[in-house]
There are 2 protein chains.
Amino acid sequence: MVTQQRVWTGRSDRKRKRLEAASGLAQGRVVSAERIVELLEAVIGPGERVALEGNNQKQADFLARSLAAVDPIRVHELHMLISSISRSEHLDLFEKGIASRIDFSYAGPQSARVAALLADGTMAVGAIHTYLELYARMFVDLIPDVALVAADKADAAGNLYTGPNTEDTPAIVEATAFRSGVVIAQVNELVSEGRLPRVDIPGDWVDFVVAADRPCQIEPLFTRDPRKITDVHVLLAMMAIRGIYERHQVTSLNHGIGYDTAAIELLLPTYGEHLGLRGRVARNFVLNPHPTLIPAIESGWVDSIASFGGEVGMERYVAARPDIFAVGRDGSLRSNRMVAQAAGLYATDMFIGSTLQIDAVANSSTVTDGRLSGFGGAPNLGNDPHGRRHSTPAWLSTTWATGDLGIHRGRKLVVQIAESYGVGGRPKYVERLDAVAVGQKAGMPLAPVMIYGDDVTHVVSEEGVAYLYKARDLEERRQAVAALAGAGPLGQSSTAGQREALRRDGILATPEDLGVRRADARRSMLAARSIEDLVTWSDDLYDPPSRFRGW
Amino acid sequence: MVTQQRVWTGRSDRKRKRLEAASGLAQGRVVSAERIVELLEAVIGPGERVALEGNNQKQADFLARSLAAVDPIRVHELHMLISSISRSEHLDLFEKGIASRIDFSYAGPQSARVAALLADGTMAVGAIHTYLELYARMFVDLIPDVALVAADKADAAGNLYTGPNTEDTPAIVEATAFRSGVVIAQVNELVSEGRLPRVDIPGDWVDFVVAADRPCQIEPLFTRDPRKITDVHVLLAMMAIRGIYERHQVTSLNHGIGYDTAAIELLLPTYGEHLGLRGRVARNFVLNPHPTLIPAIESGWVDSIASFGGEVGMERYVAARPDIFAVGRDGSLRSNRMVAQAAGLYATDMFIGSTLQIDAVANSSTVTDGRLSGFGGAPNLGNDPHGRRHSTPAWLSTTWATGDLGIHRGRKLVVQIAESYGVGGRPKYVERLDAVAVGQKAGMPLAPVMIYGDDVTHVVSEEGVAYLYKARDLEERRQAVAALAGAGPLGQSSTAGQREALRRDGILATPEDLGVRRADARRSMLAARSIEDLVTWSDDLYDPPSRFRGW
């Protein structure tokens, strides 16, 4: 029996040496903003894996800027893990030679530059993930050596208070701290021990805290101005409420970020109330604190909301509605993206969201113009979880069987909303996704599809609702998608005879079939028609960011 | 705009009143064991939802006994959330009228009594879940009012140290603490502040701690004695290594708990080494610290292990191998079942495990004798996650397409190992699962299937390996399953001609096709043939529980 001679404490030995090297740069766990670049140079080695907190909303921007200021002779070829590439510093790291490889989930604001850095070889992409998948890999084969995170407050013992934007911090810190990685947190304020409003991360897991030169950036990504909701959005929303929420008795759900779903939120207290649906549908949500959900909450529709992150301006409102939101002892929101993504996967009956492009068999993608925008949470939220085992009326309403051996399965409702035409009059319904060509050009092994067609149960356009789960084969699915595609090329392949047959078989429902009168679909049905209306509904508890204040 | 008059602070008001009622029963957060029943009566109201930590391994047994001792006049009709129904007290609650409803994941040791209580109406089951699904619902529609959990140590501020068996505690506490629930932890020892080896749960999230009358029960569920591994297990394991690990280049994986997978673990340093596979397969594991993995770890096969829970006796070994396991500042294991289940879902290429019964199209279940044993983690680990977007060679090796629009998808390898005959000579391969009848009898809306056939990519029996993902239709899948079924009824439907065709098409591989000689499949190939051997391999760091000590 030959046992190899092997070092088993490489990670902890390295950490000890790094902390020794940094000992003169900190007072206990506290580092001054002036010494942070030196400290990063002391604790990060070439080629190491660095998880940098760039979330959907909260940004460890001070640490990102500081990392971009290290000496590339000392620190180089880092492998970055960034869930959302949101800031220019994230990419400066690559241009300066500090980092060379990245694994990420979303790159909305920086997607064009990502594509350029990829094309010229400055950046190598490991893979693009959905959020939960990226966190999962941080515990398996992408274990971070260093974590750079953001919180609101810390004490000298390293205890962190995140406030409402807890977001990715617990996942990143746990993945790093328990693998002898170095955890560094930027905070807006250092307070004395025992003065934190609450503890989100134990100081035991944190090596260094630094008061940033200015508060960390937080983006109001989930605020949708009701003024931008059109009559068409209202029509789509009415059909969704009648044809899906009511028909399938959907009680637990996740809403995407679009104006379509904002319209649904604002129709619940009006159209939904008229249909007698309060208490029967849309009770348990997994989503950020959407301001457009305020009227539904105030009208008694909502039992609970589990949040991925916070939303700027919703702090006082959330704190005043603790029966609905998860809040800490301090009264402010506790969000947790890893937990909420798991909740959205396994504990909701429906995902409903907009898409930018949908192909002839209902595969969809937001990659439409050569940008590598990534996935975010949609692939996790918008798939049928084959591991789910609890039943609800919605889950059982689309039961399917494979074979004849007594085995039946429920199914998650995965709903895509897409008007026939998008921005600039380009058809949203196409034969083949742009993502196929983009993926090939970027050398991706598989095309970057957001949601696969065989997971999609419903598609909604202004032509009606397609009940794709009832399609008996790929050809029938194709006909149902084409029936929604309007006047574009794909829509022209749809014949009146096909549409009649689809309606007869319950695979297609027009607005009329659903009892939705197009003439009724007016903005005036919205419970709030402006941000100001939302503030009024909130009893003045909602404080919209200035960019949304038009009055 | 009519806003309903509504109380928005029901949960926090209730908590404040409960804490007031309990104030005379505790000193700060510390409750004495003698007052715990009174305290439970003060903080738990009728009909409330109580999450009681009954894990796979760690049991909040003192709190379970104490809850079973409350006055049913005061506390009744509780809705229990227990991930694993492991102890008789869990069910005493129902017989005494203290609880009336349960949602759970696994009920192995108590499954017969669960079925009986269900049948006579003493207990109502909400649903049976996979672990991650149950935790997910605790954040959405099964939010706990009270959490009763177990840790190793606490200080007076409520900070908890779990030691290696962190397990479900973080998920349960987070779900409860941030919804104004009451969190009570039993601990083996109270220590003074600042003396905890590490902090697993911040005291901020905990309301009461109580030193239990005796240490909490922890079960060594993942210890498999190599003496019980048979030559047949070795044959199955050799075929799996050759026909799956090597062929698909599987680097990240989860192993089930059976002797088949224990055999695989013990063949890696011998047979696997002989095949030159070290460093090429089986590097990143998601599993508990299996003692049978020690020889592979010592031989340099394993890069990392992410653990659902701990394993009794493995404490010193794990602490001495921190490069492999997740450990805290104190050097002991940090496990986390919620995190590890997410990792097993999204960050592994393969799930491989034994099953007790498999039907003609490869649906499988461990429900075989009328017992409602539940699901545990298998449904989550053993399904194809449609939300995964990163690629690996294993993921790409079974690529499939729906339609011809340029969309291809990877697939998780889901492998079921089943000899043709099980305990008592009963065929494991059957036309229809017993679970179908059991589910009907118990009034379940869907049969309790562990893993669905269309997620299963491979089945292994002593007859060979079936590559089910290559089957073109249900009939071919059925033929491939029958070819593995040996001499039982299902096996008799398999013809020599079918088997030849399946082999030709690469859907079936016999041991000979894989280059595995049946005569070589001997126990002598195992790297360790006894628990004592494992201790030797571990450099005497592994301390097996006395029940496994035969020397």
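Order of the sequence lines sets the chain letters (A, B, ...), proteins ahead of strands, with each chain counted from 1. Remember, predicted model here, so these are calculated numbers, not experimental data.
- Distance check, rounded to the nearest 0.5 Å: CG of L433(A) to CD1 of I407(B) gives 5.0 Å.
- Judged purely by atom type and a 3.5 angstrom limit, S304(A) uses its side chain to pair as donor or acceptor with the backbone of V140(B).
- E133(A) places a side-chain N or O within 3.5 Å of a backbone atom of H390(B) that can act as its donor or acceptor partner.
- For V449(A), the parts lying near chain B are the backbone and the side chain together; criterion is any non-hydrogen pair under 4.5 Å.
- Only the side chain of I143(A) comes within contact range of chain B, with heavy atoms under 4.5 Å apart.
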Pair R14(B)-D323(A), salt bridge (charged side-chain N to carboxylate O under 4.0 Å, His left out): steps then yes or no
CA-CA 11 Å; R14(B) 184 183 60 200; D323(A) 281 356; over 6 Å; no
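- With chain A as partner, the option from S252(B), G203(B), A347(B) having the largest number of non-hydrogen pairs under 4.5 angstrom is A347(B).
- Summarising the geometry of I297(B) relative to R6(A), their closest heavy-atom pair is O-NH1, 4.3 Å, with the distance given to 0.1 Å.
- Ranked by non-hydrogen atom pairs under 4.5 Å with chain B, the options H129(A), R11(A), R432(A), R477(A) are led by R432(A).
- Within the 4.5 angstrom heavy-atom criterion, no atom of A340(A) approaches chain B.
- A distance-only check finds no donor-acceptor pair linking the side chain of N284(B) to the backbone of D141(A) [under 3.5 Å].
- At least one donor-acceptor pair under 3.5 Å links the side chain of R329(A) to the backbone N or O of D204(B).
- Contacts of N380(A) with chain B are made by both backbone and side-chain atoms, with heavy-atom separations under 4.5 Å.
- Between chain B and the options N383(A), L381(A), V361(A), heavy-atom pairs under 4.5 Å are most frequent for N383(A).
- With respect to chain A, the highest number of heavy-atom pairs below 4.5 Å among N363(B), D384(B), L134(B) belongs to N363(B).
- Ranked by non-hydrogen atom pairs under 4.5 Å with chain A, the options G406(B), A343(B), A127(B) are led by G406(B).
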Full working for side-chain contact (heavy atoms from CB on, under 4.5 Å) between N336(A) and F178(B):
CA-CA 11 Å; N336(A) 186 325; F178(B) 291 98; over 6 Å; no
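- Here the closest heavy-atom approach between residue F139(A) and residue A306(B) is recorded as O-CB, 3.4 Å.
- Residue L396(B) touches chain A through its side chain alone, counting heavy-atom pairs closer than 4.5 Å.
- Of the possible polar contacts, one joining the R389(B) side chain to the M450(A) backbone as a donor-acceptor pair under 3.5 Å is found.
- Between chain A and the options P202(B), P170(B), A177(B), the largest number of non-hydrogen pairs under 4.5 Å is found for P202(B).
- Every residue meeting the salt bridge (charged side-chain N to carboxylate O under 4.0 Å, His left out) condition with R334(A), not counting sequence neighbours, appears here in chain and number order: D200(A), E174(B).
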Full working for side-chain contact (heavy atoms from CB on, under 4.5 Å) between H386(A) and I451(B):
CA-CA 9 Å; H386(A) 287 189; I451(B) 296 181; over 6 Å; no
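- Here I305(A) is the residue among D103(A), D13(A), I201(A), I305(A) with the most heavy-atom pairs under 4.5 Å with chain B.
- Between chain A and the residues L474(B), T130(B), D455(B), T251(B), the most heavy-atom pairs under 4.5 angstrom are made by D455(B).
- If you tally non-hydrogen atom pairs under 4.5 Å between each of F375(A), Y346(A), F285(A) and chain B, the highest count goes to Y346(A).
- Of the possible polar contacts, none joining the W205(A) side chain to the G328(B) backbone as a donor-acceptor pair under 3.5 Å is found.
- Contacts between V286(B) and chain A at a heavy-atom distance below 4.5 Å involve the side chain alone, from C-beta outward.
- A360(B) touches chain A through backbone and side chain together, each having a heavy atom under 4.5 Å away.
- Counting heavy-atom pairs under 4.5 Å between each of R321(A), H408(A), R198(A) and chain B puts R321(A) at the top.
- Using a 4.5 Å cut-off between heavy atoms, D330(A) does not touch chain B at all.
- Y452(A) carries R409(B) over the face of its six-membered ring, with the cationic atom under 6.0 Å from the centre and within 45° of the normal.
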Are V436(B) and L405(A) close enough, and set up right, to give a side-chain contact (heavy atoms from CB on, under 4.5 Å), and what steps lead you there?
CA-CA 8 Å; V436(B) 174; L405(A) 300 174; over 6 Å; no
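- Considering all non-hydrogen atoms of both residues, A342(B) and A136(A) come closest at O-CB, 3.6 Å.
- The two residues G410(A) and L446(B) make their nearest non-hydrogen contact at N-CD1, 3.5 Å.
- Checking side-chain atoms of R179(A) against main-chain N and O of I324(B) turns up a donor-acceptor pair under 3.5 Å.
- Between P445(A) and S391(B), the closest heavy-atom pair is CG-OG, 3.5 Å.
- Contact between P322(B) and W8(A) at its shortest, heavy atoms only, is CD-O, 3.2 Å.
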